[in-house]
Amino acid sequence: MSIPRPPSKDFIREIIDEDLSSGKHDGTVTRFPPEPNGYLHLGHAKSICLNFGIAQEYEGRCHLRFDDTNPAKEDTEYVESIKEDIKWLGFDWGDHLYFASDYFEKLYEWAVHLIENGNAYVDDQNAEEMRAGRGDLQNPGTESPFRNRSVEENLDLFSRMREGEFKDGEKVLRARIDMVHPNLNMRDPVIYRIVHTPHHRTGDAWCIYPMYDFTHGQSDALEYVTHSLCTLEFENHRPLYEWFLDHLPVPSRPRQIEFARLNLNYTVMSKRKLLQLVEENYVSGWNDPRMPTISGIRRRGYPAEAIRNFCKTIGITKFKGTNDITLLESSVREILNRDASRFMAVLKPLKVVITNYPEDQVEEFEAVINPENPELGTRKVPFSRELYIEQDDFMEDAPKKFFRLTVGKEVRLRCAYWIRCEEVIKDAEGNITELRCTYDPETRGGENPSDGRKVKATIHWVSAAHALNTEVRLYDRLFSEEAPDAGESNFLDCLNPDSLEVITDAKLEPNLARVPKGETVQFERLGYFCVDSESSGDLPVFNRTVGLRDSWAKAKGKG
RNA sequence: AACUCCAUGGUGUAACGGUAGCACAACAGAUUUUGGUUCUGUUUGUCAAGGUUCGAAUCCUUGUGGAGUUGCCA
């Protein structure tokens, strides 16, 4: 017998454990710092689960801080959607809502502090001159002709920048670090630029704005954040992050730790590409159910719990791998299998007439709401002489492995009766329009008959007279290539032409009229479907969340 | 021969010098009034070469491969 090992932790949680046990910190404070310039996506969900998850586990706190230092790109609309998405994911920042723009005055003061100590200067060079002076990956930079201005002159110029005396781009404030540093970020980075654009919160109070690098670490320090978790592309910024903390009278010493961002196959995650999909109308909007945005997957019917589980499963490392979308779908099915109520719906109807069933008779059968949770009880489903079954559940020339209905064969109608197909009716073009079947009264409720007869399949059905006719949207992955943004080709060339199929005459079990917007249910044998949050009119519109695993389709595909 | 970081089955992730495990995927079988679920089993892995060690996925060296960085974006 060995002692069970404690559940393994990712490298970030190990660092936190060490910091706690060494006494470096006596609590844990993290933050989720989105820029309000777009909608949140699954990549953000990974970061949210990490930061808020750590706060919960360590009984610390996680701040929601909007990194709003670029008025040209940001808007209050995004602030609101971001809050909504985080709440939907199941996390709460409590009283800890902050904006980097709340720190503009303090940041200005600290910029002056740098100038006073000879650690920052106003540069009159334009962007192009600065680029030339920065050098490149192989070559060192050269110092700006304005680098050695006096403290007094810098102070005067910087305050006049604030007063609005200069136009955009005319001057910048730069940290005075090292123009030959091997890390380009350290070659006198710009820390303030002039932007005469109203800010969504501070209006026109400012016309100079701090850069990300001059804002983030200081904001962390002001909020007493202990561990500032960000993605790998900020690795090269860490020396700068620390340089500012070293040269400024900050109240605390946060630590930046980087982890790999989320990559998923068959989708794109970059804000730019998602924006392009929206703007060029490849999708219906940010919350199109095919989008990897939080609002998109919510509308698609993915449960928040499934997203959280998924994020737990993929873990936190520094390895930039690509996660398989099937892992996400598996998390979604796991939750939905447990929670979703079952109903019957026929997507592609084929009429069946039970010739030996009385014409005006209607029976009601009891059907289990969820076999995974019998306490939920049963529902009543009407049955009559004319029904719809799924076109895929009938084949005229059926292969041996086809278990469903074919002429002369018998199947079970779920919870109803066994039926045998006697005759196929076709139109002039030879299309199958109707099936004539007979039922066995002894199999009432779907029970096995006393003669020991066996049936290989149970199929779903809807009574024609009682059916609700409605729209169902079948969503599939947006891209047909595993890595749409890889290589030279345009990601738009990889769009899956069949990512949306709209069915307008699906036949639903009448109980489905009562499902509220946003709820995801199972259409038996087909998949999980969610009532579209934007559906209007008398009948709900259903979105396919994800199909059921389908081993028949797989076997059939192999030929 | 710029700097920094990364490398474990098909994919992702554990193993903290001592039996390479888990999930997803795939494949087979059992159960099943959903070809779903559940259960059982199978296949597949430490980038390479040296070194340290009784013992290396783990430590060291070198190499190979990949990623990020040359915004007045974040």
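Here is how names work: the chains are called A, B, and so on, in the same order as the sequence lines, proteins then strands, and each is numbered from 1. Nothing here was measured: the structure is a model prediction, and the numbers come from that model.
Judged by distance alone, with hydrogens and angles left aside, A:R131 brings no side-chain donor or acceptor close enough to the base of B:G71 to form a pair under 3.5 Å. Judged by distance alone with a 3.5 Å cut-off, no donor-acceptor contact links the side chain of A:E235 to the base of B:U69. For A:H237 and B:A74, a side-chain-to-base donor-acceptor distance below 3.5 Å is present, hydrogens and geometry of angles not being considered. Below the 3.5 angstrom threshold, one finds no donor paired with an acceptor across the side chain of A:E258 and the base of B:G68. The base of B:U34 lies close enough to the side chain of A:R342 for a donor and an acceptor atom to sit less than 3.5 Å apart.
Comparing B:U69, B:U34, B:U8 against the side chain of A:R414 picks out B:U34 as the nearest. The side chain of A:R193 sits closest to B:A74 out of B:A74, B:U37, B:C5. Side-chain atoms of A:L327 lie closest to B:A23 of the nucleotides B:A74, B:A23, B:A25. Here the side chain of A:K320 is nearest to one of B:U34, B:G68, B:U70, namely B:G68. The side chain of A:D324 sits closest to B:U11 out of B:U11, B:C72, B:G71.
Between A:R134 and B:G71 there is a side-chain polar atom (N or O) within less than 4.0 angstrom of OP1 or OP2. Distances shown here put every side-chain N or O of A:T69 at or beyond 4.0 Å from the OP1 or OP2 atom of B:C73.
Across all strands shown, B:A57 forms no Watson-Crick or G-U wobble pair with both distances under 3.5 Å.
Atom-to-atom, OH of A:Y241 to C1' of B:U69 comes out at 19 Å; the value is rounded to the nearest Å. Taking atom CD1 of A:I335 as the reference point, atom P of B:C24 lies 13 Å away to the nearest angstrom. Regarding A:M186, its CE atom lies at a distance of 15 Å from the P atom of B:U70, rounded to whole Å. Note: CG (A:D178) to C1' (B:C3) measures 13 Å, nearest angstrom. Per the geometry, CD1 belonging to A:I389 stands 13 Å off P belonging to B:G35, to the nearest Å.
Residue A:R549 is in sugar-phosphate contact alone, with no base atom involved, counting any heavy-atom pair closer than 4.0 Å across all strands shown. Contacts of A:E128 with the nucleic acid, taken as non-hydrogen atoms under 4.0 Å apart, are absent. At the heavy-atom level, A:L232 lies nowhere under 4.0 Å from the strands shown.
In this structure, a donor-acceptor pair under 3.5 Å is absent between the side chains of A:S21 and A:D17.
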**Study point:** Worked verdict on A:W243 versus A:D178 for side-chain contact (heavy atoms from CB on, under 4.5 Å)
**Key:** CA-CA 12 Å; A:W243 190 90; A:D178 180 0; over 6 Å; no
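Residue side chain A:W552 meets the stacking definition with respect to B:G35: its ring centre sits within less than 5.5 angstrom of the base's six-membered ring centre, and the planes differ by less than 30 degrees.
Classification of the A:Y212-A:H216 ring pair by plane angle, with boundaries at 30° and 60°, yields tilted.
Taking each heavy atom of A:E233 and A:H237 in turn, the nearest pair found is O-CD2, 3.8 Å.
In the displayed structure, A:R162 atom CZ is contacted under 6.0 Å by more than 12 heavy atoms of other residues, nucleotides or ligands.
Between A:R525 and A:E390 there is no salt bridge, since no side-chain nitrogen of the basic residue lies less than 4.0 Å from a carboxylate oxygen of the acidic one.
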